[in-house]
*Asks:* 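Let me give you the structure first, and then I'll get to my questions.
Convention: sequence-line order gives letters A, B, ...; per-chain numbering from 1.
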Protein chains: 2
Amino acid sequence: MASPSRRQQASNGRRPLPFDPIAEAFRQWTTNDWGEEEAMAATTSIMRAQALILSRVDAALAPFGLTFARYEVLALLQLTRTGSLPLGKMGMRLMVHPASVTNAVDRLSDAGLVRRRPHPTDGRTTLAEITDAGRDVVTRATKELAAIRYGLDDLSDDDCRQITDIFEELRRGVDFTDTP
Amino acid sequence: MASPSRRQQASNGRRPLPFDPIAEAFRQWTTNDWGEEEAMAATTSIMRAQALILSRVDAALAPFGLTFARYEVLALLQLTRTGSLPLGKMGMRLMVHPASVTNAVDRLSDAGLVRRRPHPTDGRTTLAEITDAGRDVVTRATKELAAIRYGLDDLSDDDCRQITDIFEELRRGVDFTDTP
DNA sequence: AGAAAATAGTTGGACGTCCAAGTATCATGG
DNA sequence: CCATGATACTTGGACGTCCAACTATTTTCT
């Protein structure tokens, strides 16, 4: 029965402050001439937003025994014709280290949502194949994530598009190349 | 001499793909009617951007034996009148779990950049006080971070402000309240 | 005053991420 | 045809983050 195993919350006990600590840091940076306060505020905001959003998404996925990292693996497989992919390819598509894929597949495999298969022609390669249980879980989990707008309930679609666009710029050349 | 201890890179060996995997996921979500594809793309972008930016910042701080988490602690102390704060207050200001503060202060303390002090009147409280070495390091580290624009070299100040503004909305009510 | 409740930090465990090193297996080239 | 080099994956360790449980101290309140 896949143990939900509560994970981070990143917003728990801590009560909200009467002021925005990032806005305050911005002021300090400015008055002390530390430089690049816009970038500092943005980077700090991103770090904090990531933790907050991840905690929301993970909370929504916990009932399925999933985390966002595992969900991404499952979703990727679900969207593949054959329902299976080499671990290496998954790492590239998800933009994470190969070791992270190994880790996620290990856990999904333990939960019976995915199965490891040897590559038919290349002995080095391992395929991860989604199981029927995995397809069921990912379908339900996807509905749940859509219901909470992937943790971005507070933001409009316009806000989302702006974020995606700005970060696409940041990722360009690192994660992908325009026209090869 | 504070061991730099190389940390994550999040962009290493992995070669850039010939297409943006997030844009591709957006298409898949749309054609398969999985819903909320704007939010999905934004959340995925945030996760990835955070990892990428953190790797850049950490790489810049490694020569000082720092990570971004430890730098934030040091910077906060440096900006405080007395150069010292209760660990709990730091956790609130940095918006992280108390255990994370304990962890960071442990390491900074080992490096001689910070010192633990008992609170003069409250026996439960522990103060972290920045040392002279800590002040020196944080000053140099701050210049280094400004030089790389806190990992956001690719973005304009306008982009940074937009990010900060959008995430401020997200954090409102969680990290801080408008008018107490 | 004394008991119960709240607060502050620490410890140990779980996760995900990364890197470096190690093991297989495939591809190349002499 | 085998040696060298490239690939694919796994393992073990480091970090930061979180939570739950625990200890110590301070407040509150009966």
*Asks:* Rounded to the Å, how far apart are B/Phe68 CZ and C/dT17 C1'?
*Replies:* 17 Å
*Asks:* Find out if a path of hydrophobic residues (ILVMFWY) with successive side-chain heavy-atom gaps under 4.5 Å connects B/Ile46 to A/Phe176.
*Replies:* no
*Asks:* Give the rounded distance in Å between these two atoms: CG of B/Leu61 and P of D/dG16.
*Replies:* 11 Å
*Asks:* Between atom CD1 in A/Ile46 and atom P in D/dG16, what is the gap in whole Å?
*Replies:* 20 Å
*Asks:* State plainly whether the residues A/Arg149 and A/Asp157 are in salt-bridge range, i.e. N to O under 4.0 Å.
*Replies:* yes
*Asks:* Mind calculating the distance between NE2 (A/His97) and C1' (C/dC15) to the nearest angstrom?
*Replies:* 17 Å
*Asks:* Rounding to a whole Å, what distance do you find between A/Arg117:CZ and D/dC9:P?
*Replies:* 16 Å
*Asks:* Indicate whether OP1 or OP2 belonging to C/dA8 is found under 4.0 Å from a side-chain N or O atom of B/His119.
*Replies:* no
*Asks:* Got A/Leu66 and A/Leu113 here, is their nearest side-chain heavy-atom distance under 4.5 Å?
*Replies:* yes
*Asks:* Between A/Ala51 and A/Val101, which residue's closest nucleotide on DNA chain D lies nearer the 5′ terminus?
*Replies:* A/Val101
*Asks:* What is the distance, to the nearest angstrom, from the CE atom on B/Met47 to the P atom on C/dT17?
*Replies:* 10 Å
*Asks:* Of all the nucleotides listed (C/dT17, D/dT17, D/dC15), which has the minimum atom distance to the side chain of B/Val96?
*Replies:* D/dT17
*Asks:* Round to a whole Å and report the spacing from CG of A/Asp58 to C1' of D/dC18.
*Replies:* 10 Å
*Asks:* For A/Arg124 and for A/Asn103, find the nucleotide of DNA chain C with the closest heavy atom, then tell me which residue's nucleotide is more 5'.
*Replies:* A/Asn103
*Asks:* Among the candidates C/dT17, C/dC15, D/dT17, find the nucleotide nearest to the side-chain atoms of A/Arg70.
*Replies:* C/dC15
*Asks:* Look at the side chain of B/Asp122 and decide which nucleotide, out of D/dT17, C/dC15, D/dT26, has an atom nearest to it.
*Replies:* D/dT26
*Asks:* What does A/Thr125 touch in the nucleic acid at a heavy-atom separation under 4.0 angstrom: a base, only the sugar-phosphate, or nothing?
*Replies:* sugar-phosphate
*Asks:* State whether B/Arg116 places a side-chain N or O below 4.0 Å from either non-bridging phosphate oxygen (OP1 or OP2) of C/dG9.
*Replies:* no
*Asks:* Any side-chain N or O of A/Ser100 below 4.0 angstrom from OP1/OP2 of C/dG16?
*Replies:* no
*Asks:* Is B/Thr102 close enough to C/dT11 that one of its side-chain N or O atoms is under 4.0 Å from OP1 or OP2 there?
*Replies:* no
*Asks:* If each of B/Leu85 and A/Thr121 is mapped to the nucleotide of DNA chain C with the nearest heavy atom, which maps nearer the 5' terminus, i.e. the 5' end?
*Replies:* B/Leu85
*Asks:* Applying side chain to side chain donor-acceptor pair (under 3.5 Å), can you list everything that pairs with A/Asp165, at least two apart in sequence or on another chain?
*Replies:* none
*Asks:* Roughly how far, to the nearest 0.5 Å, is CZ of A/Phe64 from CD of A/Glu144?
*Replies:* 5.5 Å
*Asks:* Looking at every strand, decide which applies to A/Ala99 at a 4.0 Å heavy-atom threshold: base, sugar-phosphate, or nothing.
*Replies:* base
*Asks:* Pick from B/Met90, B/Arg93, B/Gln78, B/Arg107: which one makes a side chain to side chain contact (heavy atoms under 4.5 Å, CB included) with B/Val73?
*Replies:* B/Met90
*Asks:* Look at the side chain of B/Leu87 and decide which nucleotide, out of D/dC19, C/dG9, D/dC9, has an atom nearest to it.
*Replies:* C/dG9
*Asks:* Find the distance A/Arg107:CZ to C/dT17:P and express it as a whole number of Å.
*Replies:* 10 Å
